[in-house]
There are 2 protein chains.
Amino acid sequence: MNKTDVFSDDLQAIARFAKALSHPARLAILKYLSECKSCISGNIADYLPLSRSTVSQHLTELKEMELIQGSIDGLKINYCVNSDKLKYYTQLLNSYLEKLQVEVNCKI
Amino acid sequence: MNKTDVFSDDLQAIARFAKALSHPARLAILKYLSECKSCISGNIADYLPLSRSTVSQHLTELKEMELIQGSIDGLKINYCVNSDKLKYYTQLLNSYLEKLQVEVNCKI
DNA sequence: AAATATATTCGTATTTTTACGACATACGAA
DNA sequence: TTCGTATGTCGTAAAAATACGAATATATTT
């Protein structure tokens, strides 16, 4: 049923980025990590009203998009926003959104 | 199972916007409408590799977020990007993304 | 080595998304 | 009014997302 391959690479990349941002929990995780109160997974789970396994799953999705990175620090894992990737996708999305604005010309 | 209400209104609004943008077909529809080759639903379905009912469903989702508007013109319906709403959500999203960038300070 | 702490993966259930064909509706033309 | 055209809705099916507890893996401490 997956016919999405037909669409351009750019649109697919933007869609994947948007999908990564399409859940409040993931937005909250990114915000939390960027504020860097603590980059430890367990603390995120304490902060959010979600179980550890669920948070871990959201972290995995963000990792797959490379929006965050994790580095092992003894028992714990320090997560960190990957600002390069974030910048890249943000630009991609914004250039798409800006074009939408510019070309809106069929006022009814 | 829906625990998303716990998150702030802003995060929820951004997540809904991102969700609307999270499918290549909807991105393609918005792009198509903004270029205004034709704002007729049927033409969109011809342009995209999707059935009319599927396109109609995507249009409904975009309508529910008020990212597009439709006005009846005889038999046909003219769809149009709602640039005010688009601008509003774009700003909301960008202010969120910018804050992420600024506050990234826990380099490993 | 055993106990403890942290984090991920597995199995599972529920919900949502995606997609389509068939049907229904509404308008305009013959 | 009947026919064709444009569009949306319904029913349904398959896939993906969401969520959790239990089990597992790994590292630290005792």
Side-chain angles (χ1 to χ4, degrees), chain A residues 1-7 11-12 15-29 32-33 38-65 67-80 108, chain B residues 1-7 11-12 15-30 32-33 37-65 67-80 108:
Chain A
M1 203 188 278
N2 194 352
K3 305 179 79 177
T4 57
D5 352 322
V6 192
F7 301 103
L11 287 193
Q12 287 190 55
R16 277 201 311 277
F17 180 51
K19 181 161 263 177
L21 302 179
S22 74
H23 197 286
R26 287 193 289 275
L27 296 178
I29 288 172
Y32 186 84
L33 287 183
S38 159
C39 302
I40 310 303
S41 170
N43 297 19
I44 302 170
D46 292 339
Y47 172 67
L48 297 178
L50 295 168
S51 75
R52 274 148 201 261
S53 54
T54 301
V55 168
S56 195
Q57 226 169 271
H58 284 305
L59 287 171
T60 300
E61 284 186 64
L62 293 172
K63 258 186 286 180
E64 273 166 6
M65 281 296 290
L67 296 177
I68 63 172
Q69 294 167 310
S71 71
I72 297 168
D73 175 22
L75 257 182
K76 305 176 179 182
I77 293 177
N78 270 295
Y79 282 105
C80 195
I108 302 170
Chain B
M1 202 188 282
N2 194 354
K3 304 177 81 178
T4 58
D5 351 323
V6 191
F7 300 102
L11 287 193
Q12 287 190 54
R16 275 200 311 277
F17 179 50
K19 181 161 263 177
L21 302 179
S22 74
H23 196 286
R26 287 194 288 277
L27 295 178
I29 288 172
L30 286 174
Y32 186 85
L33 288 182
K37 287 164 188 158
S38 158
C39 303
I40 311 302
S41 169
N43 297 19
I44 302 171
D46 292 339
Y47 172 68
L48 297 179
L50 295 168
S51 75
R52 273 146 205 262
S53 54
T54 301
V55 168
S56 195
Q57 227 170 270
H58 283 306
L59 287 170
T60 300
E61 282 185 65
L62 293 171
K63 257 185 287 178
E64 271 166 10
M65 280 297 289
L67 296 177
I68 63 172
Q69 295 166 311
S71 72
I72 297 168
D73 175 22
L75 251 186
K76 305 176 179 183
I77 294 176
N78 272 295
Y79 281 105
C80 195
I108 299 170

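First the proteins, then the strands, lettered A, B, ... as listed; each starts at 1.
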Discussion item. Rounded to whole Å, please give me the gap between CD1 in B:Ile29 and P in D:dT7.
Written reply: 13 Å
Practice prompt. Ignoring the backbone of A:Arg52, work out which of C:dT9, C:dA7, C:dT16 is nearest its side chain.
Written response: C:dA7
Discussion item. What residues from residues 54-62 of chain B pass a heavy-atom cutoff of under 4.0 Å to DNA chain D?
Written reply: B:Ser56
Fill in: A:Ala25: partners by side-chain contact (heavy atoms from CB on, under 4.5 Å), with sequence neighbours left out
A:His23, A:Leu50, A:His58, B:Phe7
Item to complete: With sequence neighbours left out, write down each residue that passes side-chain contact (heavy atoms from CB on, under 4.5 Å) with A:Ile77, or none if nothing qualifies.
Response: A:Ile72, A:Tyr79
Worksheet item: DNA chain D: A:Arg26 or A:Ser53, which has the more 5' nearest nucleotide?
Response: A:Arg26
Worksheet item: Are A:Lys63 and C:dT8 close enough that a side-chain N or O sits under 4.0 Å from OP1 or OP2?
Response: yes
Response to the item:
5'-most contact on DNA chain C (nearest-nucleotide basis), A:Lys76 vs A:Lys19, goes to A:Lys76
Item to complete: To the nearest Å, give me how far apart CD (A:Glu64) and P (D:dT18) are.
Response: 12 Å
Item to complete: Could you state the atom-to-atom distance from CG of A:Leu48 to P of D:dA19 in whole Å?
Response: 10 Å
Response to the item:
From CG of A:Leu27 across to C1' of D:dT18 the rounded distance in Å is 15 Å
Response to the item:
note: B:Asn78, atom CG; D:dG8, atom P; distance rounded to Å ~ 11 Å
Item to complete: For nucleotides 23-30 of chain C, just jot down a letter per nucleotide in 5' to 3' order: B, S or -, based on protein non-hydrogen atoms under 4.0 Å.
Response: ---BBS--
Worksheet entry | Contact list for residues 42-57 of chain A, test salt bridge (charged side-chain N to carboxylate O under 4.0 Å, His left out), sequence neighbours left out | A:Asp46-A:Arg52
Item to complete: Start with the C-alpha gap between B:Phe17 and B:Leu67, add the side-chain angles, then the distance that decides, and say whether side chain to side chain contact (heavy atoms under 4.5 Å, CB included) holds.
Response: CA-CA 9 Å; B:Phe17 179 50; B:Leu67 296 177; 4.0 Å; yes
Worksheet entry | Nearest to side-chain heavy atoms of B:Ile77, which nucleotide of D:dT7, C:dT6, C:dT8 | D:dT7
Fill in: Nearest heavy-atom neighbours spanning B:Leu48 and B:Ala28
CD2-CB, 3.8 Å
Response to the item:
Sorted by chain and residue number, the side-chain hydrogen bond (donor to acceptor under 3.5 Å, both in side chains) partners of B:Thr54 (sequence neighbours excluded) come out as B:Ser51
Discussion item. Before you tell me yes or no, could you show the steps for A:Leu33 and A:Ile44 under side chain to side chain contact (heavy atoms under 4.5 Å, CB included), namely the whole-Å CA-CA distance, both residues' side-chain angles and the distance that decides it to 0.1 Å?
Written reply: CA-CA 9 Å; A:Leu33 287 183; A:Ile44 302 170; 3.9 Å; yes
Worksheet entry | Partner residues of A:Ser22 under the side-chain hydrogen bond (donor to acceptor under 3.5 Å, both in side chains) criterion, sequence neighbours left out | none
Worksheet item: With both distances under 3.5 angstrom, what nucleotide forms a Watson-Crick or G-U wobble pair with D:dA13?
Response: C:dT18
Fill in: Protein-nucleotide distance (A:Ile68, atom CD1; C:dA7, atom P), rounded to Å
13 Å
Discussion item. Once salt bridge (Lys or Arg N to Asp or Glu O under 4.0 Å) is applied, do any residues pair with A:Glu61, and if so which ones, sequence neighbours excluded?
Written reply: A:Arg26
Worksheet item: In whole Å, what is the span from the CG atom of B:Leu50 to the P atom of D:dG8?
Response: 15 Å
Fill in: Length of the line joining A:Asp46:CG and C:dA7:C1', which is rounded to integer Å
13 Å
Practice prompt. Taking all heavy atoms of A:Ile29 and all of A:Leu62, pick out the closest pair and write down the distance.
Written response: CG2-CD1, 3.9 Å
Worksheet, complete the sentence: Per atom distances to the B:His23 side chain, the nearest of D:dT7, C:dT18, D:dA19 is C:dT18
